[in-house]
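Step one of this worksheet: look at the structure below.
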Amino acid sequence: STNMMDGGQGFRTVKNRLVGTVTSWPSALATISAWDPELTQKYARHMGREYRAKGANAVLGPGLDLVRVARGGRSSESLIGEDPLLGAVHAAAYIRGFQSQGVATVAKHWILNTQETNRQSHSNSADERTLWEMHYPAWEAAVKAGLASVMCAYSSVDGVGACSSPGLQRDLKERMGFKGYVMTDWWAVKAHETVSSAKNGADLMMPGSNPGATPVWDDAALMAAGDDRVDDMVQRFLHGMIGSTAFDWAPCTEGISGSCELKLYNNVTTKEDADFALEIAESSVVLLKNEDGLLPLKRTMRLAVLGSACDAAQDQNPEGRAWNFGDYYTVGGSGRVVSPLTRTIYQGLEARGVAVERLASDSVDEAMALLEGGAIDAAVACGGVGSGEARDRASLNLDQHQFLVDLARRNTGGPKIPLVVVTMSTGSVLTDFAKNSQAVVSTFMTGQATGDAVANVLLGDANPSGKLVVSFPSMQSDLQDVCPAQTCTLSDGLFVGYRNLFGKPVAFPFGHGLSYTTFKYEWAKKPSVANRRVSMRVRIENSGAKSGREVAQVYLRFPGSAGEPEWVLRGFHKTQELAPGESETLSFELEERATSVWNACSDGDSGHTGSGGSGGGKASAGHGCDAEACVGAQCFTCRARIAWLMSAGGGSRSAAEARDQVCVREFPAVCGDCHADDIASLAQARRAVEVSPALVVSEALTTPCHAWRAVDGEFEVFVGSSSRDEQLKASFEI
């Protein structure tokens, strides 16, 4: 049998009896903020052990939704953040870790699920290039790592329910080679799509009773799908469960009211789990600002801890709250995991013997009175914002945003007590308070270890090494907003998050994160190219006074003709713990795909609405062989393109080969009616092409459609500690 449980931050505490029996882990977004795939794999392995101990052999996770909409309610569940490469690396690590424990992973939510607003009714569309370059890479990596299952989303793609979309079969199963099973989200299949979901790629229907939803596939739907399709469903289910070793052990099968009850409610969390949750949380903390080296704070300081968020207790009654209630420690909804071990930031500092004066209100006047009393050495002020499933955030402000802004401003003009602001959020936030604060520390739903992790970082027991995986903008309008309509086109395309912020001011950029030490970068080997693979080595030296770790990030600038954003992440490595004066040499090997773009060719044959990505295949005037195909502003007839391929410059292909290339592979929607017997005077056409400089054919046309196209030309590369920090720079040509 299959025993499934939700998995946002661990084993979901859907019942009060489950509280305290499992670990409330840091969120996926927090975990990838450590930029350490080995840590992510160990994180998944620990969670997998708890799931198996509870009797679950499948986890409904990870979340592979790109953080495209900054206000997205489930951003903290994303294992991708703003960048597809970051997501691909961590997705593979997560799959390997969880499935090593005999627990099948169910990645969610296929596909283009980037907001909660109207999630059960709206339709998204994106061009093919955007899908393959931005939204698919993490799924591809998960498939290669042995992913057992995929969950299709509530929303639609191009007007068709995600569980009925042709992309399930064509892109996921055929092009990516996924051999596991596709399960629906609960109530995700509408009644009118009962048959199409069974035919087009869904393999396992999850029941539901919502109005307009299909509760189960009936005999008529399965008969319409056909015996071969039903056999395929069964084979895929067995492949996913057996391949993940989820059937290597026997889970309880008698329900939670039978003998399974003891297993389900047994306490499976351990001290080792708690210690490791703290390690992850510490590794994920991002030090955004540290003016004049205020942090770490001295233990002899007398601290004022200001604001309600610093001592916001976690509610321990999940059955008494709305199902999607979220707090500052865990996301609301199916990912919610609460724990009695959760400490607040105030409790974390107090437990370490620091002299603390607490103000639990968000009154600026009361806070100023405390600071002006003369006995305070430094202040820690907190702000938080929670979110949950089925709703997006109202804004990018913290709940205490105005309190923090006013406190920082008045303190600067008054007592000038050194001020540290700690943020606890589900994703990007506005930090207008930062300019008048000496230090800013950020966390992303770090679960039960929040208070201890923040306290350890503030006091220097842990040296922060986390980096932002989402951008903190100067203005909310700088990042993609929620689409309120029922039909939404992802017009931002490749320009998601930090990729759309170059040339604009940004509060704290993607990849940013400071340390209590400093690092020196130097080339050990500048970029070189062999067989379209780019290799380089970078030496990182701890040039400061404390031990610490650094994340070196590699960004590429493509030739202008490629149509890529200004800089794109193409590699990263986290150093080991380096003592002062110690160095480590990091090797970066960029495969051919790192310098390639997706070649969609004809819009008409892409299977997706939108601009088509590569810009090819737009029809102009004419019919048959005289129809015009255009790549950007460059247009030519089907006849001329075929003739050029038959010429020496085009490879001296036969008429049949040339016609197949143009009419079947490159421009099927435009040139499909051009038949070999319609092509007249080919010899004359060949001579015209060979002597005429007017017809210059785009390099995109030398690559098969719906495939990666290697880009030629001069590339620039920089290596640094963020998307805006250019420590080393070089160029290379392919």
Side-chain angles (χ1 to χ4, degrees), residues 29-36 67 70 75 78 80-83 85-87 90 282-291 293-295 383 396 398 420-435 437-444 446 454 457 462-476 478-479 496-521 538 540 544 548-555 565-575 718-729:
L29 197 73
T31 302
I32 67 171
S33 297
W35 293 64
D36 186 348
V67 179
S75 294
S78 173
I80 301 179
E82 284 181 355
D83 190 85
L85 171 69
L86 188 71
H90 288 282
E282 290 173 348
S283 299
S284 75
V285 172
V286 183
L287 178 60
L288 298 177
K289 181 179 180 181
N290 193 21
E291 192 174 277
L294 171 61
L295 296 178
L396 294 186
L398 298 166
V420 182
V421 174
V422 179
T423 72
M424 298 173 285
S425 71
T426 61
S428 301
V429 294
L430 295 176
T431 55
D432 299 335
F433 46 80
K435 64 181 179 181
S437 305
Q438 283 65 57
V440 182
V441 171
S442 178
T443 67
F444 298 109
T446 43
V454 171
V457 168
N463 190 348
S465 61
K467 305 280 187 179
L468 289 180
V469 296
V470 292
S471 303
F472 280 17
S474 295
M475 299 185 295
Q476 181 169 308
D478 287 339
L479 293 178
V496 171
Y498 77 94
R499 294 164 172 238
N500 195 43
L501 293 177
F502 291 108
K504 299 178 182 178
V506 60
F508 298 104
F510 175 87
H512 174 72
L514 304 175
S515 170
Y516 294 152
T517 190
T518 56
F519 298 95
K520 178 184 176 183
Y521 285 63
V538 176
I540 308 292
R549 302 182 70 184
E550 172 68 316
V551 179
Q553 303 160 43
V554 175
Y555 294 85
E566 183 170 353
W567 292 102
V568 292
L569 181 70
R570 282 297 185 262
F572 65 90
H573 279 310
K574 190 165 192 173
T575 68
F718 82 75
V719 185
S721 60
S722 82
S723 58
R724 297 287 182 100
D725 178 57
E726 300 179 7
Q727 292 284 334
L728 302 173
K729 212 167 181 183

Would you please name every residue forming a side chain to side chain contact (heavy atoms under 4.5 Å, CB included) with [X], sequence neighbours left out?
X      : result
Val285 : Val441, Thr443, Val457
Ser284 : Ala30, Ser33, Thr446
Val506 : Leu501, Pro509, Arg724

ring-ring contact (aromatic ring centres under 6.0 Å, His included) filter on Tyr516, not counting sequence neighbours, yields none
Mind checking side-chain hydrogen bond (donor to acceptor under 3.5 Å, both in side chains) for [X] and listing every partner two or more places apart, or none if nothing turns up?
X      : answer
Asp478 : none
Ser474 : none
Asp432 : His401
Glu291 : none

For [X] against [Y], the heavy-atom pair lying closest together:
X      : Y      : answer
Ser515 : Asn463 : OG-OD1, 3.1 Å
Ile32  : Gly81  : CD1-N, 3.7 Å
Leu294 : Gln438 : CD2-CB, 3.6 Å
Val719 : Ala552 : CG1-CB, 4.3 Å
Ser471 : Ser428 : O-OG, 2.7 Å
Val470 : Gly427 : CG2-C, 4.1 Å

Main chain of Gly511, side chain of Gln553: is a donor-acceptor contact present, judged purely on distance under 3.5 Å?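 Here the side-chain-to-backbone pair exists.
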The criterion is salt bridge (charged side-chain N to carboxylate O under 4.0 Å, His left out); which residues satisfy it with [X], sequence neighbours excluded?
X      : value
Glu550 : Lys467
Lys729 : Glu726
Lys574 : none

Start with the C-alpha distance between Asp725 and Tyr555, add both sets of side-chain angles, then the distance that settles side-chain contact (heavy atoms from CB on, under 4.5 Å), and finish with yes or no. CA-CA 10 Å; Asp725 178 57; Tyr555 294 85; over 6 Å; no
Do Thr426 and Ser75 have side-chain N/O donor and acceptor atoms under 3.5 Å apart? no
For Ser721 and Gln727, test the side chains for any donor-to-acceptor distance below 3.5 angstrom and give the result as yes or no.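 Side-chain D/A pair, Ser721 to Gln727: absent.
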From [atom1] ([X]) to [atom2] ([Y]), nearest 0.5 Å:
X      : Y      : atom1 : atom2 : answer
Trp567 : Phe718 : CH2   : CZ    : 6.0 Å
Leu430 : Met475 : CG    : CE    : 10.0 Å
Phe572 : Asp36  : CZ    : CG    : 8.5 Å
Ser723 : Leu569 : OG    : CG    : 9.0 Å
Leu288 : Phe508 : CG    : CZ    : 5.0 Å

Where do Trp35 and Leu86 land on the side-chain contact (heavy atoms from CB on, under 4.5 Å) test, with the steps shown first? CA-CA 8 Å; Trp35 293 64; Leu86 188 71; 3.8 Å; yes
Quick test of your reading: applying side chain to side chain donor-acceptor pair (under 3.5 Å), list the pairs with at least one residue in residues 496-514, sequence neighbours left out, ordered by first then second residue.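 Matches after skipping sequence neighbours: Asp83-Tyr498.
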Working for side-chain contact (heavy atoms from CB on, under 4.5 Å), residues Ile540 and Tyr521: CA-CA 5 Å; Ile540 308 292; Tyr521 285 63; 3.4 Å; yes
Heavy-atom distance under 4.5 Å between the side chains of Phe510 and Ser722, does that happen here?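 Answer no - side chains too far apart.
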